[in-house]
Amino acid sequence: MDVVEAYSKVGKNGWKVLSSIFRRMWDFEFVPSELIAKDSGLPQEKVEAILRGLAGDRIVTVKQLSYLGVAFTFFGLSLYSLRRLVRKGEISMIGSKMGEGKESMVYNAMSEKYGEVIVKFHRVGYPSFKKVKEKRDYGTLHFTVLTVRSARNEFRALRKLAGFVSVPKPYAWEGNAVVMELIDAKELFKIRLSNPRDVLDIILDEVRAMYSKGVIHGDLSQYNILVSEEGVWIIDFPQAIILEEESEEYSSLSLSELRTLADEMLRRDLKNILDYFRRSYGIEKNFEDVLKFVTS
Ligand SMILES: Nc1ncnc2c1ncn2[C@@H]1O[C@H](COP(=O)(O)OP(=O)(O)OP(=O)(O)O)[C@@H](O)[C@H]1O
Ligand SMILES: [Mg+2]
């Protein structure tokens, strides 16, 4: 079932149930159905019947523990996040799927406020760095909580950078969904540049501007840079480090550990870009010089 079909199928009580799960998922890996009954004002049997229906449509998963518990699936959380966006008037409705990867699902959508936009539904909780992963204690948080944080981190990074760095304008964030400007451009790896040196210089200028705002991308590559005749855009920020803000993403690290990690991530970002331009266009640049330029 696709998002639009599912969206129209969930009834008023279904949304009430989902809204309770969203409210409670921060405290429970599997939200007790009794709490949902309490939140929604619906009788327990009715809640259980609705949950069975939602589980059949893969919107939630139900688990019998010492109590009957329920959690969102990725699909269900995306659907509920979409609902919140629509109810708040951020978008009118979702359009067609532009891409689906391991880590996100991207749709285009119409918005009365912003025109044509994209909605990115996050699928994974960051950070991707193993080191940080080991340090993090997820406890019994459900993965959906992490995807929400991941979406929030992307939204924050974009908000911090918009106007200073060439990124899609961020419009809204709800749940695991981020609404942003639709960029009419292609990924760097898909095109053959006629002016690779200029494009590389522009990218390095952007990385420098990001750094001056205290943001390290952390997953910069030919896959996360969009290019057209009009210019260059950096996308895909869920794992970004935002140095000046306290961030739940990296909250297990001390400030000096965070700086060390930021430094490693910046080096890796630059290495990815320089490697790509060396391999694809034979452009050689001295790594340390580039690093100095970006951080100066
Ligand atoms: N603002 C945008 N405008 C146009 N296209 C976009 C925009 N944001 C993302 N896309 C498209 O969606 C793809 C995936 O987006 P993004 O890189 O942000 O997510 P991802 O986490 O890398 O997802 P995946 O797991 O698919 O790689 C991009 O490679 C790009 O083609
Ligand atoms: Mg990407």
Side-chain angles (χ1 to χ4, degrees), residues 3 73-75 77-78 81-82 85 90-91 94-111 113-129 132-133 143-144 146-193 199 203 206-207 210 215-242 249 265 268-269 271-273 275-276:
V3 185
T73 60
F74 165 68
F75 180 67
L77 179 62
S78 304
S81 303
L82 172 65
L85 288 171
E90 300 293 355
I91 61 173
I94 200 97
S96 53
K97 200 189 279 181
M98 290 173 64
E100 177 164 12
K102 276 203 310 292
E103 298 175 346
S104 74
M105 213 161 69
V106 176
Y107 280 78
N108 56 29
M110 273 313 289
S111 163
K113 287 193 199 164
Y114 317 112
E116 211 180 334
V117 298
I118 69 136
V119 185
K120 178 175 170 183
F121 297 102
H122 288 249
R123 203 195 281 272
V124 207
Y126 271 88
S128 50
F129 255 43
V132 186
K133 257 189 200 152
F143 80 95
T144 51
L146 301 177
T147 69
V148 172
R149 286 188 185 165
S150 180
R152 185 176 76 154
N153 201 56
E154 169 149 274
F155 184 68
R156 280 178 150 190
L158 289 175
R159 222 174 29 182
K160 184 114 192 167
L161 297 176
F164 299 96
V165 178
S166 184
V167 295
K169 282 193 203 94
Y171 295 131
W173 156 61
E174 288 292 337
N176 72 332
V178 177
V179 181
M180 64 181 101
E181 181 187 7
L182 171 75
I183 305 296
D184 183 16
K186 285 205 169 78
E187 287 102 328
L188 177 60
F189 80 96
K190 284 191 180 155
I191 48 179
R192 188 72 200 162
L193 298 169
V199 172
I203 293 170
E206 296 297 339
V207 178
M210 273 195 275
V215 176
I216 315 292
H217 187 287
D219 190 21
L220 199 63
S221 73
Q222 61 274 25
Y223 304 102
N224 289 329
I225 296 174
L226 303 180
V227 184
S228 79
E229 297 282 309
E230 312 294 317
V232 167
W233 288 263
I234 316 283
I235 60 164
D236 205 359
F237 286 83
Q239 69 295 319
I241 290 186
I242 310 169
E249 290 298 299
M265 281 171 58
R268 196 181 55 164
D269 282 353
K271 187 175 178 303
N272 285 344
I273 296 304
D275 282 353
Y276 179 73

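Computed from heavy atoms alone, side chains included, the values below leave out hydrogens, waters and symmetry copies. Just so you know, ligand 1 is whichever comes first in the structure, and atom 1 is the first atom listed for that ligand.
Contact annotation: for M180 versus ligand 1, heavy atoms closer than 4.0 Å belong to the side chain alone. By the criterion of a heavy-atom distance under 4.0 Å, the side chain of K120, and not its backbone, is placed next to ligand 1. If you look at I183 next to ligand 1, the close heavy atoms, those under 4.0 Å, come from the backbone and the side chain alike. At a heavy-atom cutoff of 4.0 Å, ligand 1 is contacted by both the backbone and the side chain of S104. The proximity of V106 to ligand 1, defined as any non-hydrogen pair under 4.0 Å, is limited to the side chain. Under 4.0 Å from ligand 1, the heavy atoms of N224 that appear belong solely to its side chain.
Close contacts of ligand 1 with P168, meaning ligand atoms under 4.0 Å from a residue heavy atom, involve 1 (N).
A 6.0 Å sphere centred on CD of E187 holds more than 12 heavy atoms belonging to other residues, nucleotides or ligands. Crowding of D275 atom CG: a count of heavy atoms from other residues, nucleotides or ligands under 6.0 Å exceeding 12. Annotation: K113, atom NZ; neighbour count of heavy atoms from other residues, nucleotides and ligands within 6.0 Å is above 12.
Considering all non-hydrogen atoms of both residues, S150 and P238 come closest at OG-CB, 3.3 Å.
Among the atoms of S104, no N, O or S atom is found under 2.8 Å from the Mg ion (ligand 2).
The heavy atom nearest to atom 1 (N) of ligand 1, considering only E187, M98, E181, is found in E181.
Listed for the Q222 side chain is no donor-acceptor partner under 3.5 Å among the backbone atoms of F189. A donor-acceptor contact shorter than 3.5 Å links the side chain of S166 to the backbone of V232.
N176 and T144 are not linked by any side-chain donor-acceptor pair at a separation below 3.5 angstrom, with hydrogens and angles left out of the test.
In D236, the N, O or S atom that comes nearest to the Mg ion (ligand 2) is OD2.
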